[in-house]
Visitor: 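Got a structure for you, written out below as structure tokens; questions coming shortly.
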There are 2 protein chains.
Amino acid sequence: MISKKTKYALIALGYLAEHSTGEPILISELAKEGNIPKKFLEAILVALRKGGVLKSKIGKGGGYMLALPPASITIGKVVSILEGGFALVECLNDNVKAVCEECGDPACCGIRLVMSDVKQAIDSVLGSTTLADMVERSDNARQKKSKIMDFSI
Amino acid sequence: MISKKTKYALIALGYLAEHSTGEPILISELAKEGNIPKKFLEAILVALRKGGVLKSKIGKGGGYMLALPPASITIGKVVSILEGGFALVECLNDNVKAVCEECGDPACCGIRLVMSDVKQAIDSVLGSTTLADMVERSDNARQKKSKIMDFSI
DNA sequence: ACCAATCTCTATAGACTTGGTAGGTTTTTG
DNA sequence: CAAAAACCTACCAAGTCTATAGAGATTGGT
């Protein structure tokens, strides 16, 4: 299960992707529009900035902007920043090079072998889906729906 | 990250798959061989039994056996029993039909659309990998390694 | 009938994680 | 300098995860 942190991050990033005009957007606006507790969002945005996905401007007239075009920000990157990757067992974590206590020999651990496959499947999806894709799919679904509504009137 | 519960379950099931002679195997043996706290394992085995993966025999001479051949038990089944499925957002959970508070309209939620893809990728791997596969791959890796060792002597 | 070996159930406790809050600090604009 | 903003540190409540304890139920052998 992805954490609320990640969900909030994706909501905020989605909003930024759709409403960026070059001008920075306030935390307060992101919090209000995304229905996200402001203080909680603050921490999330800082993490995203440190992760290179956002840039900020301090002081009056400041706020947050995407550091890259939406098509260059993968969902995988966001998840990786906020959850430290999507590892399924310690020994498959990106950053940490820990070995699970359970599997004496990582190379021969059946669980590890299976989970490695799963991880690859996840990474493949998350690594190839961008913020732009996410927003676009959401828009498409909304349009499709409103079309159906039109018919029914 | 899969929980220790699931990891222990897979270890125990792997052991059962490799050592089943028709005779039930004791919790104590599974705990000892798998390096698993016995009492903790107890609860796990009960869950697996209720999930239809194991069957047990109570009383003297009792113990646990696989309820199905290893090739008929998917890793996905095990994960599903112990973690309630591998959902990534509430609204994609197998059992529960909850809607995330965040996405007013599930059909149009970009996050949901993306995570649905991820879930499908995960389920596809976990649903097509069986206990037998896991054990076999582990054995193969071990044999390969021991062969290399032989050469180096 | 009894005893020992087993699984089964309920309750509990400590550590850790998650979601969220509070309050003060620094930076920038005008 | 004052106001607007992001930034930082610390904290807390609630829940989850891992693990343990102990009593109860079932069976097989004698």
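Throughout, a chain's letter reflects where its sequence line sits, starting with A, and its residues are numbered from 1.
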Visitor: Test for a donor-acceptor pair under 3.5 Å between the base of dC9(C) and the side chain of E42(B), counting only N and O atoms.
Guide: yes
Visitor: Want to settle it: does K57(B) or K38(B) sit nearer the 5' end of DNA chain D, counting the closest nucleotide to each?
Guide: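 This one resolves to K38(B).
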Visitor: Find which nucleotide of DNA chain C each of G61(A) and I58(B) is nearest to by heavy atoms, and output the residue with the more 5' nucleotide.
Guide: I58(B)
Visitor: Taking only side-chain nitrogens and oxygens of S56(B), does any of them come within less than 4.0 Å of OP1 or OP2 of dT6(C)?
Guide: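 No, no such contact exists.
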Visitor: Starting at atom CG of L30(A), determine the distance to atom C1' of dA5(D), rounded to an integer number of angstrom.
Guide: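 Distance, rounded to whole Å: 13 Å.
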Visitor: Within this structure, what is the CE-CD distance for the pair M1(A) and E83(A), rounded to the nearest 0.5 Å?
Guide: 11.0 Å
Visitor: Nearest-Å distance, CG (L26(A)) to P (dT28(C))?
Guide: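 Rounded to the whole Å, the gap is 17 Å.
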Visitor: Check the distance between dA5(D)'s P and M65(A)'s CE and give it to me in whole angstrom.
Guide: 14 Å
Visitor: Salt bridge check, K39(A) against E42(A): does any charged N sit closer than 4.0 Å to a carboxylate O?
Guide: yes
Visitor: Can you tell me if S3(B) touches the phosphate of dT16(D), counting only side-chain N or O atoms and a distance under 4.0 Å to OP1 or OP2?
Guide: no
Visitor: Check whether any side-chain nitrogen or oxygen of Y8(A) sits under 4.0 Å from OP1 or OP2 of dG20(C), and answer yes or no.
Guide: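 The answer is yes; a side-chain N or O of Y8(A) sits under 4.0 Å from OP1 or OP2.
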Visitor: Round to a whole Å and report the spacing from CG of L82(A) to C1' of dT17(C).
Guide: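 It works out to 15 Å between those atoms.
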Visitor: Which is more 5' along DNA chain D, the nucleotide nearest I25(A) or the one nearest K39(B)? Just name the residue.
Guide: I25(A)
Visitor: Can you give me the closest heavy-atom contact between I44(B) and A9(B), atom names plus distance?
Guide: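 Taking I44(B) first and A9(B) second, the nearest heavy atoms are CG2-CB, 3.7 Å.
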Visitor: Grab the NZ-C1' distance between K50(A) and dC8(D) for me, whole Å please.
Guide: 8 Å
Visitor: Around atom CD of Q120(B), are there more than 12 heavy atoms from other residues, nucleotides or ligands closer than 6.0 Å?
Guide: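 No, not enclosed.
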Visitor: Side chain of Y64(A): nearest nucleotide among dG28(D), dT29(C), dC7(D)?
Guide: dC7(D)
Visitor: Ignoring backbone atoms, establish whether R49(B) has a side-chain N or O less than 4.0 Å from OP1 or OP2 of dC7(C).
Guide: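 Answer no for this pair, as no side-chain N or O of R49(B) is under 4.0 Å from OP1 or OP2.
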Visitor: Nearest whole Å is fine: how far is dT29(C) P from E23(A) CD?
Guide: 12 Å
Visitor: Do N140(A) side-chain atoms and R137(A) backbone N/O form a donor-acceptor pair below 3.5 Å?
Guide: no
Visitor: Given atom CZ of F40(A) and atom P of dC7(D), what is their separation to the nearest angstrom?
Guide: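 F40(A) atom CZ is separated from dC7(D) atom P by 17 Å.
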Visitor: Using whole Å, what does the distance between atom C1' of nucleotide dA15(C) and atom NZ of K4(B) come to?
Guide: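 It is 12 Å, rounded to the nearest whole Å.
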Visitor: By nearest atom, which of the nucleotides dT18(D), dA6(D), dA4(D) is closest to the I27(A) side chain?
Guide: dA6(D)
